[in-house]
Student: 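Please find one structure pasted underneath; my questions will follow.
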Number of protein chains: 2
Amino acid sequence: MGRKRQLQKQEEIRNEILEVARSIIAKDGVRGLSIRKITNAMDYSPAIIYHYFKDKGEIIETLVNEGYGRILAAVRSVKRNEDEPDTELREVFTNYIKQALAIPEEYKAMMLNDEGAVLQKTALLERGISRRSPTMQMLCDNIQRGIDKGCYPPCDPELTAQIIWTATFGLIIKLIIEKDISSEQVERLVDRHFEILFSGIKVRS
Amino acid sequence: MGRKRQLQKQEEIRNEILEVARSIIAKDGVRGLSIRKITNAMDYSPAIIYHYFKDKGEIIETLVNEGYGRILAAVRSVKRNEDEPDTELREVFTNYIKQALAIPEEYKAMMLNDEGAVLQKTALLERGISRRSPTMQMLCDNIQRGIDKGCYPPCDPELTAQIIWTATFGLIIKLIIEKDISSEQVERLVDRHFEILFSGIKVRS
DNA sequence: TTGTTAGTTAAACAGTGTTTAATAATTTAA
DNA sequence: TTAAATTATTAAACACTGTTTAACTAACAA
């Protein structure tokens with residue numbers, strides 16, 4: 001077996017670990033993930049993990065970053081709407097919610113430090129503490145365009161973006177935690193959520 | 001030692017356990033709470049816990065219920081304002097935020113099932129699954145009064161209450177998790193939060 | 001004093017993440 | 001092909017977790 005084959009095999013096992021971890025998280029949540037659950041499912045010894053990952057946290061971190069990527073891709077897939085930045089903004093958040101609800105356990109881990117407060121901090125530090133996240137940057141740009149186009153009255157775009165974001169975040173977490181909500185009720189909640197928020201930012205105070 | 005003294009002594013130890021647990025949670029969060037941490041601080045053996053509580057979950061549940069009580073008291077302390085139900089509503093949420101930020105770790109545990117998804121469900125089941133919580137009942141009544149007084153256009157009070165609540169919940173969790181925010185920034189966020197939400201629900205669509 | 005009860009604990013069990021040292025497998029070098 | 005070196009894998013242990021069992025001690029009542 002040559003060098004390349006070897007590295008490929010390594011990658012395969014690493015990916016298998018991640019795949020098994022993903023399925024466990026989907027079933028039992030991030031809290032339900034354990035090294036031994038992973039290795040039992042793979043017919044390996046627990047110690048094998050530490051050949052492919054620094055520790056359990058690195059596995060979770062990898063999946064969390066995957067989640068960030070998915071959500072970023074979802075919001076970036078919204079095509080620019082020069083004439084109606086407010087419509088665009090709503091589409092961005094609609095996609096955001098949709099994607100978050102598609103990976104509920106990962107989303108919780110991403111946002112709530114579900115396994116230790118380390119993750120988010122290190123992630124932030126790596127990107128430079130107080131720099132805006134790509135998603136937040138998008139939102140701010142969009143809101144600024146909305147102001148320029150006269151969709152909203154003048155305001156601090158970052159402050160407004162943060163409020164819409166935290167509000168939407170709250171709704172999503174509620175929808176995830178309260179599992180037994182009908183899809184009709186979800187739609188009602190999301191609609192009213194946007195109705196209130198978008199009316200709110202359009203009011204001239 | 002008489003019977004009453006004996007029961008009193010029992011209560012004292014129970015309360016000491018809770019007190020120690022509270023201080024550990026304040027420092028290390030609900031996740032950082034462990035039976036052995038409690039009993040070491042009290043110079044007892046770990047097994048003692050199970051004479052005063054069914055299990056660790058019951059300790060957390062007790063503190064979580066305490067948190068519910070505090071928050072309910074805080075929102076109930078707002079005096080009824082017949083003429084301006086919207087001002088009253090804002091005061092209710094202001095108090096809610098203030099109290100939640102006073103017990104951040106407990107609030108997280110209350111809302112996010114920080115230690116197993118059991119807590120919230122059993123708590124809900126005990127009160128009858130789909131009955132409104134006391135706080136939610138307050139909000140709905142208030143909003144209905146606001147509609148009657150002409151503060152807001154007609155709407156589903158429960159739906160609107162849920163949206164304001166989830167939005168505020170999202171803001172609070174963000175404020176708790178991102179520990180290093182100045183109090184000025186907190187104030188700015190809370191102000192803009194209410195500005196958007198209250199403008200939003202007053203808009204006639 | 002005896003018997004009963006309540007309070008308390010040592011020890012163990014099953015589970016967690018992780019490390020160490022030894023072993024098995026495989027690739028490289030001679 | 002054989003020997004050396006590297007890599008992959010694991011068994012076993014450590015230090016934690018929550019919890020249970022059986023034993024023990026202390027205090028009370030008869």
Student: Would you kindly give the CZ-to-P distance between Arg31(B) and dG17(C), to the nearest whole Å?
Tutor: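 Between P of dG17(C) and CZ of Arg31(B): 13 Å.
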
Student: Please check if atom CZ in Arg22(B) has more than 12 non-hydrogen atoms from other residues, nucleotides or ligands closer than 6.0 Å.
Tutor: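 Check passes, neighbour count above 12.
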
Student: Looking at the side chain of Ala47(A), which of dT9(D), dT19(D), dT19(C) is the nearest nucleotide?
Tutor: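 So the side chain of Ala47(A) is nearest to dT19(C).
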
Student: Tyr52(A) near the nucleic acid: base, sugar-phosphate alone, or nothing, with a heavy-atom cut-off under 4.0 Å?
Tutor: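 Since only primed, P, OP1 and OP2 atoms lie under 4.0 Å of Tyr52(A), the category is sugar-phosphate.
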
Student: Just verifying a value: how many Å separate Ile25(A) CD1 and Asp28(A) CG, rounded to the nearest 0.5 Å?
Tutor: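 Rounded to the nearest 0.5 Å, the CD1-CG separation comes to 9.5 Å.
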
Student: Send over the distance from Glu58(B) CD to dT19(D) C1', rounded to a whole Å.
Tutor: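 My rounded result for the distance is 14 Å.
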
Student: From dT20(D), dT10(D), dT19(D), pick the nucleotide closest to the side chain of Tyr44(A)?
Tutor: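 So the side chain of Tyr44(A) is nearest to dT10(D).
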
Student: Just the rounded figure in Å: distance from P of dA10(C) to OH of Tyr50(B).
Tutor: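 Spelled out: OH on Tyr50(B) to P on dA10(C) is 16 Å.
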
Student: Would you mind telling me which of dT10(D), dA8(D), dT18(C) lies closest to the side-chain atoms of Ile35(A)?
Tutor: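 Selected nucleotide (nearest to the side chain): dT18(C).
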
Student: What's the CG-C1' distance between Asn40(B) and dC16(D), to the nearest Å?
Tutor: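 Taking atom C1' of dC16(D) as the reference, CG of Asn40(B) is at 12 Å.
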
Student: Could you please name the option among dT19(D), dT10(D), dT16(C) that lies closest to any side-chain atom of Ile48(A)?
Tutor: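 Output: dT10(D).
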
Student: Go through the steps to decide whether Arg192(A) and Asp156(B) satisfy the test salt bridge (Lys or Arg N to Asp or Glu O under 4.0 Å), and finish with yes or no.
Tutor: CA-CA 10 Å; Arg192(A) 184 79 177 119; Asp156(B) 179 340; over 6 Å; no

Student: Find the distance His51(B):NE2 to dA6(C):P and express it as a whole number of Å.
Tutor: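 His51(B) atom NE2 is separated from dA6(C) atom P by 9 Å.
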
Student: How about CD on Glu187(A), more than 12 heavy atoms from neighbouring residues, nucleotides or ligands closer than 6.0 Å, or not?
Tutor: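 No, the 6.0 Å shell around CD holds no more than 12 heavy atoms from other groups.
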
Student: Drop me the distance from Ser77(B)'s OG to Gln99(B)'s CD, to the nearest 0.5 angstrom.
Tutor: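 It is 9.5 Å, given to the nearest 0.5 Å.
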
Student: Within the 4.0 Å heavy-atom criterion, would you say Ile49(B) contacts the bases, only the backbone, or no part of the nucleic acid?
Tutor: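 The answer is nothing, as Ile49(B) stays clear of every strand by at least 4.0 Å.
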
Student: By nearest atom, which of the nucleotides dT19(D), dG7(C), dT9(D) is closest to the Ile13(A) side chain?
Tutor: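 The closest nucleotide is dT9(D).
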
Student: Rounded to whole angstrom units, what separation is found between the CG atom of Asp43(A) and the P atom of dT9(D)?
Tutor: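 Result: 13 Å.
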
Student: Which is more 5' along DNA chain D, the nucleotide nearest Arg36(B) or the one nearest Ser45(A)? Just name the residue.
Tutor: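 Looking at DNA chain D, the more 5' nearest nucleotide goes with Ser45(A).
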
Student: Please give, in whole Å, the distance from dC28(D) P to Gln10(B) CD?
Tutor: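 After rounding, the gap between these two atoms is 14 Å.
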
Student: Rounding to an integer number of Å, can you tell me how far Ile17(A) CD1 sits from dT9(D) C1'?
Tutor: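 Atom-to-atom, Ile17(A) to dT9(D), this comes out as 12 Å.
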
